[in-house]
Amino acid sequence: MNELILPQNPSVKRMRDTMNELRNLCKQVTENYRPMLNGERYLTDDETSKVLKVCRRTLQEYRNDGTLPYVLLGGKVLYRESDLENLLQSCYHPARRQDGK
């Protein structure tokens with residue numbers, strides 16, 4: 001049986017939707033891809049401020065007072081992802097119960 005397949009066909013619509021989802025997923029992956037350099041990922045000032053939820057001026061203070069290590073390369077400041085994780089881990093305070101138990 002020969003059937004004419006039109007763009008309005010439900011199967012064609014599903015396939016088109018699936019292809020659009022895959023295209024969007026590929027775009028998202030490639031936009032967020034950060035290659036490693038010797039096993040490390042480096043973040044920009046802007047990316048780091050978003051991760052830590054602080055302004056870029058606060059990052060400057062962290063650099064000045066030695067709180068956060070950084071790399072200065074041609075006027076561009078970069079932060080190792082592992083240094084951010086270590087900073088957050090060192091500042092971690094476990095929850096305590098009010099009754100002291």
Completion exercise
In terms of heavy-atom contacts, Leu59 and Leu52 come closest through CD2-CD1, 4.0 Å
Problem - Minimal non-hydrogen separation, Asp65 against Tyr62, with atom names - result: OD1-O, 3.0 Å
Handout entry: From CG (Leu43) to CG (Asp83), nearest 0.5 Å
Key = 10.0 Å
Practice task
Determine whether Val54 and Thr48 make a side-chain contact, defined as any pair of heavy atoms from C-beta on separated by less than 4.5 Å.
Solution key: no
Practice task
Would you name the heavy atoms of Tyr42 and Glu47 that are closest together and state the gap between them?
Solution key: O-OE1, 4.3 Å
Problem - Reference residue Ser90; test side-chain contact (heavy atoms from CB on, under 4.5 Å); the match among Leu88, Asn86, Leu87 - result: Leu87
Fill in the blank from the handout: Grouping ILVMFWY residues whenever side-chain heavy atoms fall under 4.5 Å, the cluster of Met15 otherwise contains Met19
Exercise for the section: Would you confirm whether Arg16, through its side chain, and Pro7, through its main-chain N or O, come within 3.5 Å as a donor-acceptor pair? Expected result: yes
Practice task
State the NZ-OG distance between Lys13 and Ser11, to the nearest 0.5 angstrom.
Solution key: 11.5 Å
Problem - Test item: side-chain donor near acceptor, Asp46 and Thr44, under 3.5 Å - result: no
Practice task
Please name the pair of heavy atoms, one in Glu40 and one in Arg80, separated by the smallest distance, quoted to 0.1 Å.
Solution key: OE1-CB, 3.7 Å
Practice task
Carefully, step by step, assess Arg23 and Lys27 under the rule side-chain contact (heavy atoms from CB on, under 4.5 Å).
Solution key: CA-CA 6 Å; Arg23 183 182 64 217; Lys27 183 179 177 184; 5.7 Å; no
Practice task
Report, as yes or no, whether the 6.0 Å neighbourhood of atom CG on Leu73 holds more than 12 heavy atoms from other residues, nucleotides or ligands.
Solution key: no
Practice task
Please determine, by modelled atom types, if Gln60 and Asn64 share a side-chain donor-acceptor pair under 3.5 angstrom.
Solution key: yes
Exercise for the section: Kindly give the heavy-atom pair with the smallest separation between Pro69 and Thr67, and that separation in Å. Expected result: CD-O, 3.9 Å
Practice task
Return the minimal non-hydrogen interatomic distance between Ser49 and Cys55, and the atom names on each side.
Solution key: CB-C, 4.3 Å
